[in-house]
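Only a predicted model underlies this, so the values are computations on that prediction, with no experimental measurement involved.
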Amino acid sequence: MKLATWNVNSLKVRLPHVLAWLAQHQPDVFCLQETKTEDKDFPAAALEAAGYRALFYGQKTYNGVALLSRAELNERSDGIAGYADEQKRVIAATLGDVRVICAYVPNGQALDSDKYRYKLEWLHAFHVWLRSELARWPKLAVLGDYNIAPEDRDVHDPKQWEGQVLVSPAERDAFRELLHLGFRDALRMFDPVEPNFTWWDYRAAAFRRNLGLRIDHILLSPALAQACAACYVDVAPRKLERPSDHTPVVAEFS
DNA sequence: ATGGCGCGCGCAGCGCGA
């Protein structure tokens, strides 16, 4: 089994990249964030022609998440149970006995902004919900754009980023609290030598200079972590014409 | 040097992302 996640920054623009990536990597479930696509406009037919069915939870201009899969997904749920949120950031479903949650955590904008307070509140609700999800689904994977670089080694220049959103202590505490629920950070299970950034700013030739952050993650429940054989970042799509500023993360299971 | 780029919206230039 192969699970993957990608913040596509507009599915409309990135559809050719998504189709090419599916053909090459053939994930069992592909989690997409920032589709920025209303459900009535979702490119379901093009994906179906590529062998993938889709569950989508989108809105105009902002946010939007989707699950693509080759086999049928069951027990779909939208959003965080018990947390009313206008913004469409979470979709979940089950493949066999594996529960897959696709999440787009708020960015936060700046530490003194309402958006940052929303991010922390959102992360608290996410934490509470994931605790109950873990109790319900022993095999649980939570994939997505967390908008948090968990440690300094996930940041190209920790000094430059100090005091900014994505690296602030409160956000990192919230991420660590998710791990304390019992999740493993799949990429860190394999302790790669390279930085394994997943996002590079469009500006200032940040990708060419490798000025990136690791903010897209795959968290695995203990039962799934035990079965995880590999986890890696695929930087190839960042080199394409009109790339997303994020790149896919993949987990493979025995 | 606090911008830079790219997206949606909608037709100019702004809000937003990270």
Side-chain angles (χ1 to χ4, degrees), chain A residues 5-18 21 31-43 56-66 85-90 102-123 126 143-175 187 195-217 233 235 237-249:
Chain A
T5 179
W6 193 8
N7 179 324
V8 293
N9 185 18
S10 170
L11 182 56
K12 182 182 172 186
V13 173
R14 230 64 68 192
L15 183 60
H17 293 185
V18 169
W21 202 88
C31 302
L32 304 182
Q33 302 88 38
E34 279 206 89
T35 55
K36 299 184 177 180
T37 303
E38 288 185 280
D39 292 349
K40 67 178 174 61
D41 300 321
F42 195 90
F56 37 91
Y57 184 52
Q59 66 186 94
K60 201 179 194 175
T61 312
Y62 303 115
N63 311 312
V65 284
D85 190 359
E86 300 267 306
Q87 304 187 20
K88 294 177 168 49
R89 297 180 171 277
V90 175
C102 170
Y104 175 46
V105 177
N107 169 280
Q109 197 171 59
L111 300 197
D112 60 355
S113 70
D114 288 340
K115 292 191 177 71
Y116 182 72
R117 281 184 284 280
Y118 164 65
K119 180 178 192 173
L120 295 182
E121 173 192 280
W122 194 99
L123 283 165
F126 195 51
L143 304 87
D145 176 0
Y146 285 72
N147 270 318
I148 300 170
E151 302 176 67
D152 277 355
R153 60 177 163 160
D154 300 313
V155 180
H156 66 90
D157 186 345
K159 273 270 179 280
Q160 184 199 315
W161 277 85
E162 203 173 342
Q164 297 196 57
V165 79
L166 313 186
V167 305
S168 73
E171 294 166 70
R172 286 179 165 177
D173 285 349
F175 187 85
L187 192 98
N196 284 276
F197 300 140
T198 66
W199 171 85
W200 298 261
D201 200 312
Y202 283 120
R203 299 167 293 183
F207 181 65
R208 183 177 56 73
R209 299 158 65 199
N210 200 25
L211 308 180
L213 303 177
R214 188 176 76 98
I215 54 176
D216 300 85
H217 309 296
V233 176
V235 299
R238 193 64 177 77
K239 301 172 182 173
L240 299 172
E241 289 294 314
R242 294 187 85 187
S244 170
D245 44 356
H246 294 253
T247 195
V249 185

Exercise for review: Measure the shortest side-chain to side-chain distance between A:E171 and A:V165 over non-hydrogen atoms and say whether it is less than 4.5 angstrom.
Suggested key: yes
Review point. B:dG4, B:dG8, B:dC16: which one has an atom nearest the side-chain heavy atoms of A:Q109?
Key: B:dC16
Exercise for review: May I have the distance from A:R242 (atom CZ) to B:dG6 (atom P), rounded to whole angstrom?
Suggested key: 9 Å
Check your understanding: Rounded to the nearest 0.5 Å, how far does CZ of A:R214 lie from OG1 of A:T247?
Key -> 14.0 Å
Practice item. Would you indicate what A:Y146 reaches in the nucleic acid, counting non-hydrogen atoms under 4.0 angstrom: base, sugar-phosphate, or nothing? Key: nothing
Check your understanding: Which value, in whole Å, describes the distance between the C1' atoms of nucleotides B:dA1 and B:dC11?
Key -> 32 Å
**Study point:** Whole-Å distance separating the CZ atom of A:R89 from the P atom of B:dC16
**Key:** 12 Å
Exercise for review: Please measure how far the P atom in B:dG4 lies from the corresponding atom in B:dC14, and state the result in whole Å.
Suggested key: 12 Å
Practice item. Please measure how far the C1' atom in B:dG6 lies from the corresponding atom in B:dA18, and state the result in whole Å. Key: 12 Å
Check your understanding: According to a strict under-4.0 Å criterion, is A:N9 in side-chain N/O contact with OP1 or OP2 of B:dG6?
Key -> no
Review point. Counting only side-chain N and O atoms of A:N7, is one of them less than 4.0 Å from OP1 or OP2 of B:dA18?
Key: yes
Practice item. Tell me what A:Q164 touches on the nucleic acid: a base, only sugar-phosphate, or nothing, going by heavy atoms under 4.0 Å. Key: nothing
Review point. Got A:H156 and A:N210 here, is their nearest side-chain heavy-atom distance under 4.5 Å?
Key: no
Practice item. Determine the Euclidean distance between corresponding P atoms of B:dG15 and B:dG10; express it in Å to zero decimal places. Key: 15 Å
**Study point:** Between B:dG15 (C1') and A:Q59 (CD): distance, integer Å
**Key:** 14 Å
Point to revise | Short side-chain N/O contact to B:dA18 OP1/OP2 from A:R203, under 4.0 Å | key: no
Exercise for review: Report yes if at least one side-chain N or O of A:K12 is closer than 4.0 Å to OP1 or OP2 of B:dG8; otherwise report no.
Suggested key: no
Review point. Taking for each residue the nucleotide of DNA chain B with the nearest heavy atom, is it A:P243 or A:Q160 whose nucleotide lies nearer the 5' end?
Key: A:Q160
**Study point:** Between B:dC16 (P) and A:D145 (CG): distance, integer Å
**Key:** 18 Å
Review point. B:dC9, B:dA18, B:dC5: which one has an atom nearest the side-chain heavy atoms of A:N107?
Key: B:dA18
Review point. Atom CZ of A:R238 and atom C1' of B:dA18: how far apart are they, to the nearest Å?
Key: 12 Å
Exercise for review: Please determine if a side-chain N or O atom of A:Y116 lies less than 4.0 Å away from the OP1 or OP2 oxygen of B:dA18.
Suggested key: no
Practice item. Look at all strands and tell whether A:V13 reaches a base, only sugar-phosphate, or nothing, counting heavy atoms closer than 4.0 Å. Key: sugar-phosphate
Check your understanding: Under a 4.5 Å cut-off applied to non-hydrogen side-chain atoms, are A:R14 and A:R242 in contact?
Key -> yes
Check your understanding: Which one, B:dC7, B:dC16, B:dA18, comes nearest to the side chain of A:R14?
Key -> B:dC7
**Study point:** Distance, rounded to the nearest Å, where A:W199 contributes CH2 and B:dG17 contributes C1'
**Key:** 8 Å
Exercise for review: Could you give me the CA-CA distance, side-chain angles and deciding distance for A:Y62 and A:Q87, then say whether side-chain hydrogen bond (donor to acceptor under 3.5 Å, both in side chains) is met?
Suggested key: CA-CA 8 Å; A:Y62 303 115; A:Q87 304 187 20; over 6 Å; no
Point to revise | d(CG, A:L11; P, B:dC7) in whole Å | key: 13 Å
Point to revise | Whole-Å P distance, B:dG17 and B:dA12 | key: 26 Å
Exercise for review: Between A:K60 and A:Q87, just flag the one whose closest nucleotide in DNA chain B comes earlier from the 5' side.
Suggested key: A:K60
Check your understanding: Taking the side chain as C-beta and beyond, is there a heavy-atom pair between A:N9 and A:H246 under 4.5 Å?
Key -> no
Exercise for review: Using both pair distances under 3.5 Å as the test, note the stems of at least 3 consecutive Watson-Crick or G-U pairs that include DNA chain B.
Suggested key: B:5-9 with B:13-17
**Study point:** Rounded distance (Å) that lies between atom P of B:dC16 and atom CG of A:D245
**Key:** 17 Å
Check your understanding: Could you walk me through whether A:R172 and A:D152 pass the salt bridge (charged side-chain N to carboxylate O under 4.0 Å, His left out) check?
Key -> CA-CA 10 Å; A:R172 286 179 165 177; A:D152 277 355; 3.0 Å; yes
Check your understanding: Do A:Y146 and A:I215 have side-chain heavy atoms sitting under 4.5 Å apart?
Key -> no
Check your understanding: What nucleotide, of B:dG4, B:dC16, B:dG8, holds the atom closest to the side chain of A:A204?
Key -> B:dG4
Review point. Would you call A:R209 and A:D201 a salt bridge, using N to O less than 4.0 angstrom?
Key: no
Practice item. Rounded to whole angstrom, note down the C1' distance from B:dC16 over to B:dG3. Key: 16 Å
Check your understanding: Is a donor-acceptor contact shorter than 3.5 angstrom present between the side chain of A:N147 and the base of B:dA18?
Key -> no
